[in-house]
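Computed from heavy atoms alone, side chains included, the values below leave out hydrogens, waters and symmetry copies. For the single chain, residues carry numbers from 1 onward in sequence order.
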Amino acid sequence: ETPQKHTLWISANQTDEIAPPLTSPASILIVEDDAEIGEFISRYLAAHDIQTKVASNAQEMDAAFSAGVYDLLILDLNLPGEDGLSICRR
């Protein structure tokens, strides 16, 4: 049985209502094993002046956290090896 995938999309108009514009570039770590999806998300965010780093698994995520600080984590639940829910429980 294939797990269900859930996606939340927030438009630019909705984010303006949630929080004021950032005064410095945000930094987001994207943990996604599908390279096309990771690159798509990264390019979209970069077009909105958000710095990104893409990791394809838990080990790469751990290395990224060791090397820097991020404002937000976008985490795929269905990762190879350690899955996203297990990572969240840490």
Side-chain angles (χ1 to χ4, degrees):
E1 182 179 328
T2 304
Q4 289 184 336
K5 293 187 177 188
H6 300 280
T7 305
L8 172 65
W9 295 101
I10 298 176
S11 73
N13 292 341
Q14 289 172 315
T15 58
D16 291 344
E17 295 171 10
I18 295 170
L22 298 170
T23 56
S24 63
S27 180
I28 297 177
L29 178 59
I30 303 163
V31 185
E32 171 58 65
D33 61 314
D34 185 317
E36 280 186 47
I37 293 173
E39 181 61 26
F40 174 79
I41 295 168
S42 182
R43 279 187 282 128
Y44 176 83
L45 294 171
H48 291 83
D49 298 322
I50 297 172
Q51 299 173 357
T52 62
K53 169 133 179 85
V54 179
S56 63
N57 56 46
Q59 293 84 3
E60 289 182 16
M61 179 198 75
D62 291 337
F65 277 134
S66 294
V69 176
Y70 298 91
D71 298 305
L72 181 70
L73 172 67
I74 297 176
L75 181 60
D76 182 5
L77 295 180
N78 297 313
L79 294 169
E82 186 177 9
D83 64 53
L85 288 176
S86 174
I87 290 170
C88 284
R89 288 185 187 111
R90 291 188 196 180

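The aromatic rings of His48 and Tyr44 sit tilted, their planes meeting at an angle between 30° and 60°.
For the atom pair CD1 (Ile37) and OG (Ser42), the distance works out to 13.5 Å, reported to the nearest 0.5 Å.
Hydrophobic clustering, with ILVMFWY side chains joined whenever heavy atoms are under 4.5 angstrom apart, groups Tyr70 together with Met61. Cluster annotation: Ile74 is connected to Ile50 through the hydrophobic network of ILVMFWY side chains, with a link wherever side-chain heavy atoms come within less than 4.5 Å.
Between Asp34 and Glu32 the shortest heavy-atom distance is N-OE2, 2.9 Å. Between Asp71 and Ala26, the shortest heavy-atom contact is OD2-CA, 3.3 Å.
Without hydrogens or angle criteria, Asp83 side chain to Leu77 main chain gives no donor-acceptor distance under 3.5 Å.
Glu82 is listed as a side-chain neighbour of Arg90, based on a closest heavy-atom distance under 4.5 Å. In this structure, the side chains of Ile41 and Ile28 stay at 4.5 Å or more apart for every pair of heavy atoms.
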Could you walk me through whether Leu79 and Asp33 pass the side-chain contact (heavy atoms from CB on, under 4.5 Å) test, one step at a time?
CA-CA 6 Å; Leu79 294 169; Asp33 61 314; 3.9 Å; yes

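With respect to Ile30, the side-chain contact (heavy atoms from CB on, under 4.5 Å) criterion is satisfied by exactly one of Leu73, Leu72, Val54: Val54.
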